[in-house]
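Reading through the structure tokens given below for one structure.
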Amino acid sequence: MTDHNKRIPTQHVIGFALSIALTLLAAWTALGSNLSTMWIISSIMILAVIQAGIQLFMFMHVVESDSHNGHVPWNMMFHGAVLAAILVAGSLFVMSFGFTHDHDGENHEQHEQQDSGDHSDMDMEGDGEHEGH
Amino acid sequence: MKSMKQLMKKGLALVPLSLVLFLSGCELAVLDPKGPVAQTQYDLIMYSIIFMLFIVVVVFGAFAFMVIRYRENRPGRKESDYDPHMHGNNLIEIVWTVIPFVIVIALSIPTVDSLFELEKPPEATAGEEQKEPLVIYATTADWKWFFSYPEENIETVNYLHIPTDRPIEFKLSSADAMTALWIPRLGGQKYNMAGMENTLYLQADEEGVYDGRNSNFNGEGFTKQTFEVYAESEEDYDSWVEETQSSAPELTQEEYDELLKPGLTVEAEYSSTHLEFVDHGTNDGRDYAIERHYDLYGDLMHLYSDQEAEDFMDEENDDDHESSVE
Amino acid sequence: MSSHELKTGPLEYRRQEDQMTILGFWIFLGAEIVLFATLFATYAVLFGRTADSTPPMELFEPGIVLIMTFLLLTSSFTCGLAIHEMRRGNAKALRNWMIVTLVLGTAFLGFEIYEFIHYAHEGATMQSSAYWSAFFTLAGTHGLHVTLGIGWVILLLIQLAKRGLTPKTSRKFFVIGLYWHFLDVVWIFIFTSVYLIGMVV
Amino acid sequence: MQLDEFFVTGEPLIYGGMVSIALVTIAILFILTYFKKWGWLWREWLTTVDHKKIGVMYILSALAMLFRGGVDAMMMRVQLAFPNMNFLNAQHYDEIFTTHGTVMIIFMAMPFLIGLMNIVVPLQIGARDFAFPYLNALSFWSFLFGAMLFNISFVIGGSPDAGWTSYTPLAGAAMSPGPGQNFYLMGLQLSGIGTLATGINLMVTILKMRAPKMKMFQMPIFTWSTLITSFIIVFAFPILTVALALMTLDRIFGAQFFTLTGEGMPMMWANLFWMWGHPEVYIVILPAFGIFSEVICTFARKQLFGYKAMVWAIILIAGLSFVVWVHHFFTMGAGAFVNSVFSISTMLIAVPTGVKIFNWLGTLYKSKIKNTVAMMWALAFIPSFVIGGVTGVMLGMASADYQFHNTYFLVAHFHYVLIAGTVFACFSGLVFWYPKMFGHKLNERIGKWSFWFFVIGFHVCFFPQYFVGLDGMPRRVFTIIPEWMPLNIISTIGAFGMGIGFAIFVFCILYSYRYSEREKSGDSWDDGRTLEWATPTPVPFYNFATLPEIDSQDAYVKLKEEGRTTFEEDKLEPIHMPNNTGQPIIMMAFLFFASFGLVFEWMWMAIAFLIGGLIMMVVRSFDYDEGYHVEVDEIKRIERSARGL
């Protein structure tokens, strides 16, 4: 974080190059690779998290000691991320009812709500691959 | 003030006691289970109340001790009764963390257990054969109940008959607002929602007439959205089914659409079900009522509490309501 | 409210009140994360609920989305360069890089508006189904943030021209920098979980 | 739109409300004009950025809202006292329980506590104001205008009537047409902005503006609870903002989030609402815990027992508050597994809460209890809250909750925690810090009367409701059946007891204003432990002439022992203070009218005033006002006269 007197901002250039590369990689993973839907989703989400980290640490100076703000910015980002995870995963977990009913074998709810929530990803694994490209 | 404080403490102890005495005379619906589901919940509530009373007694006792003993002007206060620099004690912190934790575990186990149990039809008592659940589609519309018996091909409005000692599998859904089916003496509630279908198992062990209602607020007629459950022996139930099948009229789609209009309505029965034209619990049926009656939901009934459901039997228009208001 | 000023370190951190403003903005960004997370949660839950309207995989085009992503990534980079120049005390470079950022941001916005109009022509609007409501709200909220950001940068450029680099103007530019990078982070997640996953599933 | 659609017509009670609003407004305008107080009002109050004055305005507004919500409650209790009462009709009853709930939570409990935080927190940590005084004024005006917008609904346009939870699809455009529900959405949205800003403001204030050397674990416990509360506010309020915005889009712009058409998902509203709503409950209870801790320590004249455990308990409760939201809709049918997870997380909250209760009891152990009114409120809290807490655990057991849900058992539970927790704390804190705010104490004798009426009334009102709930009485019914009558009569009597208690409290304020002795010392209760008592009374606008170095909790106890004060003449330096500004009130007035336009879906009005609001933001951006300095001589003069030197 001490490069603010250098003429060439190495850190920014590296960060920029990395984020372009990661974007292309994510696009290729989603549209060009032959991975299954679950793998695609997990890996591109991980790539997105890495990119967010690049922005935070290389561009936004989240842990800069000159700021005299200690760990608070980092702390807010971290807890924000935790909460984001709770919100998204929690909502999907809770709102996917209709699938969890294990009574009688009819499962007619499955049809009406097939696309809501994470379960849909698994349901449609097969066709997803073909329609992707 | 001192004496008042003590009085207050006695008063506090007396309030619950007198209430318990007062209430043991009458039977509180939830604490008067008439079927296995309500019984399971009753047992759990009683089990939890024991722990809760224990906690209340401990805390109230400690509180009374502290407040009485360490008040500033208690006669006979000693110098050693005051220690301003006491900052805490790790051991005792651990003790009063662990004990509540253990209580939470003790409460969690039967809770989880019963949660899974309630998702299945109640089991028959030992020695009796397990009966197939009777399927009833319980559908609400503002502010009435439809009970459809698909196998028997009959439908009732605002009341239902069930056989005793046989699990009832309610298929819950709603034509419009979210509601909940609750028959306190038979067991707890679940929500009815349009476009989704919830399953609720209940069962009556004793014959009788039980109050049921919608317990989730859904607008002006909410309070009046009640129904009665007639739990009767298998034979009586069968003869009621036969009679309804033979004597009740068929439910036409026009009549059903009319019934779906927001408003109160009286009891009725039909020898066919509305499931033939719409199942509100499916994705196709979720907007059936709202598409037909979109503009009617905003109309007010000007409902006062002494108005009986009969006032709203046939007419839905505002003029008639006005006249019954003043 | 002490007005003691440090003699060293980046200009925007020298006065306590500027440190506090920057800290406050970080906390605000924490709130923004939750705001967008709520929109993402809504989007995820309503995913696939397209009713009778066109499903997203028929409308999403990888090309245009990649262009938008690169525009925003580059603008984030130029914004970073602007702040870097600011720390070197180079007001002119700060101004120039900020203008580049503005141009890129506006281009991004233009593509987004084009995209929305295109979808609307294909019968996918805010009103057509739960899925499209969620989509337009999520992408639209991001777009609104970008719009506000552009207006904000313009205001700051005027102030820079009037007052030059002071602790206060530096702090203001630093804060808009944080905001701009944050919008880029949000876009990365929109790109990934809306467009890429929408094209895959 | 016709005039008779614009104004609510046909209800004698509402006509009465209109007349009294008109009379009070005229009276206020007359008094201000007659005594030539307009300039004073503008200079001293409407444009102030002083945290103490803003706090006072928060508390006065909250008391007014308590009155409004209380009148709603009384009307409900009258209607429910006997079967077939025709005091209110169904629709009117629906509106009243909706506004009662919303007003009490959003416009009473939160502003009251935020008001106390405003006044106390900077004083407790040795700060001269908030980190962002301008933003603080903005927050207040956003709250006040939000509250106004919500409150005018009962005379203009009609009140919301879908419950304070506003569940969809009932609250959607189809089933609740008209402006009523829009008032709810816009009122909450507008005041929510202010709450979020206050959260950020308080966090920065506490993190960056503590007295020299004061460590985090030396902060007074009320400051700690404020910090954690602000943390919850920052992370919870955006959820509400989004949820409200989505419903607004649904209702006004035809989106399909929570509708029955277009595959919308009504339960998603409940999910989002409670993701905010549960943390919200802790936003109003954690500061209350902080207040009780301060009051109990002061009047037990003893250090807080288990300070660190108390702090960690608050943090743990705050964390858990974000992972229990589903217990508000266990009956949704999410399945046994989901319910089990949330059942257990819910019951776990009892553990840190229990730790807090026991630590308060530990604080009382070997103490010297002085029976003041503030202390009595705090002591009454402990047993009352325990009843609310244990029934909360019972509600947390999902399979039992199927029987408790939406009944008066639940109503009794949350009134037990919110009144015994939050309202008792508001009274306790107000009485406790009153001399700091207004320079005189509240009359103790009248205060005790009000205390007994309120507390006994409270138990008489709500304890029977547990049983009537077990007897199958659901919440929100507008009339009762004969079986529920005896308990409901008791309940209504209790409610009137609380009403009398509140009336006596108001009388106490007026009486004390006239007759109470003015405070001479800053340490009004003689046992002050924290820095706010180190300032002279009335508190100079800059709070502290010099900032003492802090090296322990209970900073003022240490200062007293060492004979130090916050006025060390040789260390005086000019103090930098912000200028008053009229911008916040003007900006929020613009947003108020923009929201009003949205409520009636008059887009031209909404857009015009929104642009006005944006222009005010631009004005703010170009505002380089750096405040002014108070010179040493003036500080000397002020401090000497305030301290009687």
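These values consider heavy atoms only, across backbone and side chains, with no hydrogens, waters or symmetry-generated copies. In what follows, every chain begins at residue 1, and chains take the letters A, B, ... in the order their sequences are listed.
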Handout entry: Structural part of B:Asn89 lying under 4.5 Å from a heavy atom of chain D
Key = both

Handout entry: Stepwise salt bridge (Lys or Arg N to Asp or Glu O under 4.0 Å) test for B:Glu119 and B:Lys190
Key = CA-CA 11 Å; B:Glu119 295 288 308; B:Lys190 260 190 191 173; 3.4 Å; yes

Exercise for the section: Let me know if B:Phe222 has heavy atoms under 4.5 Å from chain D in its side chain, its backbone, both or neither. Expected result: side chain

Problem - Any B:Tyr191 side-chain heavy atom under 4.5 Å of B:Leu172 side chain - result: no

Exercise for the section: Kindly assign one of parallel, tilted or perpendicular to the pair D:Phe458 and D:Phe462, based on the angle between their ring planes and the thresholds 30° and 60°. Expected result: tilted

Handout entry: Heavy-atom contact with chain B under 4.5 Å, split by part of D:Asp161
Key = backbone

Completion exercise
Under 4.5 Å to a heavy atom of chain D? For B:Asp32 that would be neither

Handout entry: Interface moiety of D:Leu361 toward chain B, non-hydrogen atoms closer than 4.5 Å
Key = both

Completion exercise
Bottom line for D:Leu470: the part with an atom under 4.5 Å from chain B's heavy atoms is both

Fill in the blank from the handout: Bottom line for B:Trp96: the part with an atom under 4.5 Å from chain D's heavy atoms is both

Practice task
Find out whether B:His280 and B:Tyr288 are in side-chain contact, i.e. whether some heavy atom of one side chain is under 4.5 Å from a heavy atom of the other.
Solution key: yes

Exercise for the section: Below 4.5 Å from any heavy atom of chain D, which atoms of B:Arg69 appear? Answer side chain, backbone, both or neither. Expected result: neither

Exercise for the section: Sort B:Ala38 into side chain, backbone, both or neither according to what part of it lies under 4.5 angstrom from a heavy atom of chain D. Expected result: both

Problem - Side chain / backbone / both / neither for D:Phe87 at chain B, heavy atoms under 4.5 Å - result: neither

Completion exercise
Ranking B:Arg77, B:His85, B:Glu291 by heavy-atom pairs under 4.5 Å to chain D gives rank one to B:Arg77

Handout entry: Heavy-atom side-chain contact between D:Gln79 and D:Phe478 under 4.5 Å
Key = yes

Exercise for the section: Quick one: sort the B:Phe51 and B:Tyr47 rings into parallel, tilted or perpendicular, breaks at 30° and 60°. Expected result: perpendicular

Problem - Positive for side-chain contact (heavy atoms from CB on, under 4.5 Å) with D:Tyr402, one of B:Leu44, B:Leu200, B:Leu115 - result: B:Leu115

Handout entry: D:Asn406 side chain reached by D:Thr331 side chain, heavy atoms, under 4.5 Å
Key = no

Fill in the blank from the handout: Counting heavy-atom pairs under 4.5 angstrom with chain B, the leader among D:Lys302, D:His92, D:Met85 is D:Lys302

Completion exercise
Of D:Lys368, D:Lys308, D:Gln553, D:Glu483, the largest count of non-hydrogen pairs under 4.5 angstrom with chain B goes to D:Lys368

Fill in the blank from the handout: Scored by heavy-atom pairs under 4.5 Å with chain B, the best of D:Thr479, D:Val341, D:Thr168, D:Val557 is D:Thr479

Handout entry: Pairwise side-chain contact, D:Tyr93 with D:Leu80, heavy-atom cut-off 4.5 Å (strictly under)
Key = yes

Exercise for the section: Please determine, among D:Ile480, D:Ile344, D:Asp554, the option with the most heavy-atom pairs under 4.5 Å with chain B. Expected result: D:Ile344

Completion exercise
Ranked by heavy-atom pairs below 4.5 Å to chain B, first place among D:Tyr365, D:Phe337, D:Phe404 goes to D:Tyr365

Handout entry: Cation-pi check, B:Arg74 onto B:Tyr70 ring (under 6.0 Å, within 45° of axis)
Key = no

Problem - Part of B:Leu118 lying under 4.5 Å from any heavy atom of chain D - result: side chain

Problem - Working for side chain to side chain contact (heavy atoms under 4.5 Å, CB included), residues D:Ile296 and D:Ile382 - result: CA-CA 11 Å; D:Ile296 288 175; D:Ile382 294 175; 4.2 Å; yes

Practice task
Sort D:Ser367 into side chain, backbone, both or neither according to what part of it lies under 4.5 angstrom from a heavy atom of chain B.
Solution key: both

Fill in the blank from the handout: Comparing D:Arg475, D:Arg301, D:Met473 against chain B, the one with the most heavy-atom pairs below 4.5 Å turns out to be D:Arg301

Handout entry: Pick from B:Ser215, B:Ala194, B:Pro100, B:Ser80 with the largest number of heavy-atom pairs that fall under 4.5 Å of chain D
Key = B:Ser215

Practice task
Using non-hydrogen atoms and a 4.5 Å limit, figure out which bit of D:Thr407 sits close to chain B: side chain, backbone, both or neither.
Solution key: side chain

Handout entry: chain D contact via B:Asn216 - side chain, backbone, both or neither, heavy atoms under 4.5 Å
Key = both

Practice task
Kindly indicate whether the side chain of D:Phe305, heavy atoms from C-beta on, has any atom under 4.5 Å from the side chain of B:Glu93.
Solution key: yes

Practice task
Please state whether the side chain, the backbone, both or neither of D:Ala313 comes within less than 4.5 Å of a heavy atom of chain B.
Solution key: neither

